[in-house]
Amino acid sequence: MSMPGKTPAVVLLCFAMAAARPGDARPIHYGAVDDPSLAACDQLDWRGRRDQSADCYRALLASDAAVEIRAEAAWALNDLHGANRLFRLALESTPGDADILTRWGDLYADTHQDAEAMDIYREALAGADGHAFARLGAARVLTRSFDEAAGAWLEPLLADDSLPAGARIGAWLLVARISLENQDLAEAGKALDSADALAAASGWPPLEIYALRAAADQVGGVQPSPWIDRSLAFNPHFGDIYAVPAHFHVIARRYREAIDLYQRAVDIEPGLARAHEELGVNLLRDNQTSRARRHLEIAYERDPFSPVAVNTLRLLDSFTNFDLVSSGEGDPAAHPLVLKLHKREAPAIATYAADLAQHAIREFTQRYSYTLRKPVIIEMYPDHEDFAVRTAGMPGLGILGATFGYVIAMDSPSARSTDEFQWGTTLWHELAHVFTLEATGHLVPRWFSEGVSVLEEWRSGPQPGVHIPLSVYAAMKEDRFLPIATLDQGFLRPTYPDQVIVSYMQAGLVCRYIDERYGHAKLGEMLLAYREGLDTSEAIGRALGLDAPKFDREFQSYVETEFGAFLAGLESWRRSHAELGRLVDSGSWKRAAELADELLAEHPAYVEPDSPWLALARARDELGQPDAALAALRDYWSRGGYDPAALKDLAERLVAGAEHATAIDVLNTVALVQPLDDELHGALGDLLLEAGRPAEALREYGILLALEPHDRADAYFRLARAHSRSGNIEQSKQYLLAALDIAPGYRPAQRLLLELTRAGQDQ
Amino acid sequence: MSMLRAGFIAAIILYAAVPGARAATSVVIVEGLGGNDRYTTEFAAQTADIEAAARTLRPAPEIRIFRDTQATREDILAYLEQLGLRAGATDLLLIYLVGHGSFDEHDYKFNLPGPDLSDSDLLDAFGAFGNRNVVVINTSSASGAAHDRWQGDSRVVITATRSGVERHATRFGTYFAAALSDPGADVDKNDRVSAQEAFDYASREVTAYFESSGQLATEHARISGAAAGRIALALLGAPRTARGDPAPGPLLRRRDELAGQVDALRLARDEMPAERYQQELLQLMLELAEIEERIEQAEADGPPR
């Protein structure tokens, strides 16, 4: 995945009546509700006797049982509106009843309405502070959003033996799940043992325990898991025995394995909406769009409250706005690519994206000695929320790009400002992920895949150079880098706001260190080690001959050598950097130039939009030193600076100084940051034409025209001129006529038309 | 400093009321109060661009700029009245309003030192020009409130907003002023920027600005008047000068005939097969190009000795 950015939130909920038929796995309540008639129906359900349980629930619903019991029956029959109505009715008779409130809260949680669920749990606890099942419900909801406050709700349930066994089972199951997500098999095992003992003693079904044990076996590499057969013997229709382990495949980015398990889940439990939904989302990650849609539609029909299904189906509907552009087919020197680009952007981006992708694939194929086996699909979304839904099923995601194997999804150039996103660099980063994922069968740990991608950005990407945000330097100074063996946690379970970005940079520096100290081949050896299923400590041991603690010490020493001097003066540098901004604002150019020089002497690699290079260039201009200003801009660009306005300024100065070849290179850099700029392509085309490169000029002018410039006559004329230089006389005349059709008095076009016509007559 | 009072740009072109005189162009630029340094600087820059554009027109127009303490309602209206009396029947009037405007659900006002200029004030002033061509360009906030009232025969009205509800300071004015000297605005490449061309250019730039910044657009410019495409607000490029007499009359007449035939062909485009249209267009363009070449040659050579 690429670096975080803005995270606006949009949630869509769709309320549609669900048919009253055997429900989508109403969660096991473990005694949160206690009624013999309901229990009889539940026992049938938990044993997988779906038809019998449905008859039982229907009879219960039609009976004169307590309203809240009938609510449970409606819920079990997937009549969620009916259940809601009945719970509300029950509370009218017994307001503040904590048991009913808790079950009502559970209904809201089960239908993805977490905020409402929390409100109801709090209401229950207001009347009954220690209500165990209300605490459990709250902990479950908070855990879903990785909220650390969940711990406060959970701890008492684990420690107090006097609480209902069912609530404690639920709490241990939650602990087990969290532990598995943290890859702590030992803790997960202990939690499951505790849950198991309680369930056996109190007679609650062991199904969820079996599912998590199967997941633990999978994470621990035990295949096949014996818990699957035990679960199927207990309940042959318990789909979660496959769906829960599938979730852990998704976490490990093993999407194809996840697809297989989710399919098995819905095969034995066709009503399991969650599994259909996850199956759909993961099929989409594997570019199986039709099959994905089918399962998402089933999920939506069964669970119309799920925003993931709604969002993803709407996203699929929007695919009609995208063009598919192929590249590399039939070309032995190229790799097959399919670019899915928005219709209004495709003409401007396709060629650049395809060229960049082919370049990256050639580089990485050689560097990592791995040949891709399938076409690479690259999807670019001008609406960031569409990209977020594509990636996670929900909007509000803060990343710029994601790779699922051979499928890359990312923001398109128009999705974000150039300050926070350079699309060419992001594409380069994501393509490196394709290699690290596929070369290891998706067994590569997150940190290493990110580390290689960041290293490749720095080393060979469109904006080369080691670019580290100042906030990460601050974290380095505070010694916040993680031990190599646990670096994945920085990505998966960040404990402070900037930890993800810090982890990205640390991972990049680790890979850079290995590359420089041990040689690039060692990175390849680590990939091989991961492919064989080794963990990080083992991979380092095999490839580098070190244990993890020794590596950590070496890396720490490297960081101190590379950055120690700068880190020592970091605060002073930051203060001076802020002062530089004030000097620029106040027009104190002489002092600004001096201070910029000082800052750059210490840290020349800083090329963010507030780079001292840019301040230096401006100051030198204001002091009447254009040559020095040009030198500053040139340095800025050579170190990976990407601000489009600054680079366009540099290009103009280079043209004025007759350095056209360099100006072309500079404008090519701009195109990898801000490609949807018609003036850019016109200027670049002109330079290329003048440099005797008409084919490339034609490409630029073609993009210019595709961007629907205001002055279309001029665009047509430029195309005509380039075609005539390429010897394509008839095409040139066609474009000249197109120009003259708009502007009959356009003299340059008239002259060229005459010239070409006369030349044709002379032959 | 608060910037509460809106202004607008009004350019009024007055007509020289000399019987039998060649059609004249008058340009009036009213630069209203900026309210703070930023807008004061911005409006001054727009006025400078507009003035520079006006000075390219031929024959040279009469230009009057109202700014600072001279930009009073009384002085502006008095000047307009005087122009109305002097204007010739075929004279052209360009009125630019640069500044801030406001709308109180009843009246539009352009912000000036002292009493503001209302839409009614200018409507009365326009009345003094009768059927003469008047082009009003009002780039102020809320200028759209005046648009419908100012519409009329022989009148081109351009406002930066579509109604009085759009009350934010506009970007349209800066882009419109820039259009007057940008060859990119001259879409038909006739070396002149028409009112329609400047409007199209500025509107497009405004849209692009809001799209690129991810903001909802707070202004939507409007234009009305059939003559918008025919009235030039600026000429581009160096004026063509001949060492001697202009090109022979027959060449110029033939050029005009060909230009007319091109126009007629373009109007008939939809009624003929595309291939035939292209062939006929090509023939006309080739002949037009040759005529233009001969005209240029004749102008360069000067009159025969």
Side-chain angles (χ1 to χ4, degrees), chain A residues 6 8 344-345 382-385 413-421 644-645 674 676-679 682-683 704 707-718 720 730 732-758 760-761, chain B residues 175 178-179 182-193 197-208 211-215 236-237 240 255-256 258-266 269 274-275 277-297:
Chain A
K6 293 182 191 169
R344 68 167 181 265
E345 294 185 336
D383 183 334
H384 172 73
E385 299 309 336
S414 59
R416 294 176 178 265
S417 78
T418 56
D419 283 2
E420 56 181 350
F421 172 62
Q674 193 178 63
L676 303 175
D677 177 350
D678 54 9
E679 286 182 16
L704 164 63
L707 289 170
E708 297 182 1
H710 188 67
D711 191 349
R712 287 172 57 234
D714 170 77
Y716 285 132
F717 176 66
R718 279 164 144 154
E730 285 312 308
S732 178
K733 284 184 182 176
Q734 281 174 17
Y735 278 115
L736 286 170
L737 266 189
L740 291 166
D741 198 358
I742 296 169
Y746 194 10
R747 284 298 294 137
Q750 289 178 354
R751 287 192 201 104
L752 184 56
L753 181 64
L754 262 186
E755 180 189 318
L756 294 177
T757 304
R758 286 170 179 164
Q761 288 165 350
Chain B
Y175 293 129
D182 189 342
D186 176 21
V187 171
D188 60 6
K189 304 297 179 198
N190 62 356
D191 289 335
R192 54 193 66 204
V193 179
E197 284 176 329
F199 172 85
D200 289 341
Y201 179 95
S203 298
R204 190 183 159 100
E205 291 295 312
V206 167
T207 301
E211 280 180 1
S212 67
S213 60
Q215 301 173 43
L236 299 176
R240 288 165 66 166
R255 180 180 67 183
D256 289 346
L258 286 169
Q261 287 175 33
V262 169
D263 285 344
L265 177 67
R266 289 160 86 195
R269 177 207 296 259
E275 199 175 321
Y277 175 80
Q278 292 289 314
Q279 283 167 358
E280 292 191 22
L281 182 66
L282 176 62
Q283 292 311 311
L284 285 173
M285 284 301 158
L286 281 170
E287 191 178 347
L288 186 58
E290 284 178 354
I291 294 292
E292 287 283 8
E293 187 183 60
R294 290 168 64 187
I295 289 171
E296 279 177 356
Q297 193 59 52

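Quick note on labels: first sequence line is chain A, next is B, and so on, each numbered from 1. Scope of the values below: all heavy atoms of this structure, side chains included, with no hydrogens, waters or symmetry mates.
- For B:Val262, the part lying under 4.5 angstrom from a heavy atom of chain A is the side chain only.
- Using a 4.5 Å cut-off between heavy atoms, B:Asp263 makes no contact with chain A at all.
- Surrounding CZ of B:Arg266 are more than 12 heavy atoms belonging to other residues, nucleotides or ligands, all under 6.0 Å away.
- Considering CG of A:Asp741 and CE of B:Met285, their distance stands at 7.0 Å, rounded to 0.5 Å.
- Contact detail for B:Val187 and A:Ala713: the closest heavy-atom pair is O-CB, 3.9 Å.
- Rounding to the nearest 0.5 Å places CZ of A:Arg751 at 4.5 Å from CD of B:Glu296.
- Atom CD of B:Glu275 is surrounded by 12 or fewer heavy atoms from other residues, nucleotides or ligands within 6.0 Å.
- Residue-environment remark: CZ (B:Phe199) exceeds the threshold of 12 foreign heavy atoms within 6.0 Å.
- Residues satisfying the salt bridge (Lys or Arg N to Asp or Glu O under 4.0 Å) criterion with A:Glu679, sequence neighbours excluded, are absent altogether.
- Ranking B:Gln278, B:Arg204, B:Glu290 against chain A, the residue ahead of the rest is B:Arg204, based on heavy-atom pairs under 4.5 Å.
- To the nearest 0.5 angstrom, B:Leu288 atom CG is 10.0 Å from A:Leu753 atom CG.
- For a residue to count as touching a neighbouring chain, one of its non-hydrogen atoms must lie under 4.5 Å from one of that chain's; by this rule B:Glu205 does not touch chain A.
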Quick one, A:Asp714 with B:Lys189, criterion side chain to side chain contact (heavy atoms under 4.5 Å, CB included). Give me CA distance, side-chain angles, the key distance, then yes/no. CA-CA 9 Å; A:Asp714 170 77; B:Lys189 304 297 179 198; 4.0 Å; yes

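- Each of B:Glu211, B:Glu197, B:Arg269 has some count of heavy-atom pairs under 4.5 Å with chain A, and the biggest count is that of B:Arg269.
- With sequence neighbours left out, B:Tyr201 forms a ring pair (Phe, Tyr, Trp, His ring centres under 6.0 Å) with A:His710.
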Is there a side chain to side chain contact (heavy atoms under 4.5 Å, CB included) between A:Leu754 and B:Leu286? Walk through the geometry before answering. CA-CA 6 Å; A:Leu754 262 186; B:Leu286 281 170; 4.3 Å; yes

Is there a salt bridge (charged side-chain N to carboxylate O under 4.0 Å, His left out) between A:Arg758 and B:Glu293 once you walk through the steps? CA-CA 13 Å; A:Arg758 286 170 179 164; B:Glu293 187 183 60; 2.7 Å; yes

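- Looking at every heavy atom in both residues, B:Ala289 comes nearest to A:Arg747 through O-NH1, 3.9 Å.
- With chain B as the partner, the residue from A:Leu736, A:Leu740, A:Leu737 showing the most heavy-atom pairs under 4.5 Å is A:Leu737.
- Neither the backbone nor the side chain of A:Asp677 comes within contact range of chain B, judged by heavy atoms closer than 4.5 Å.
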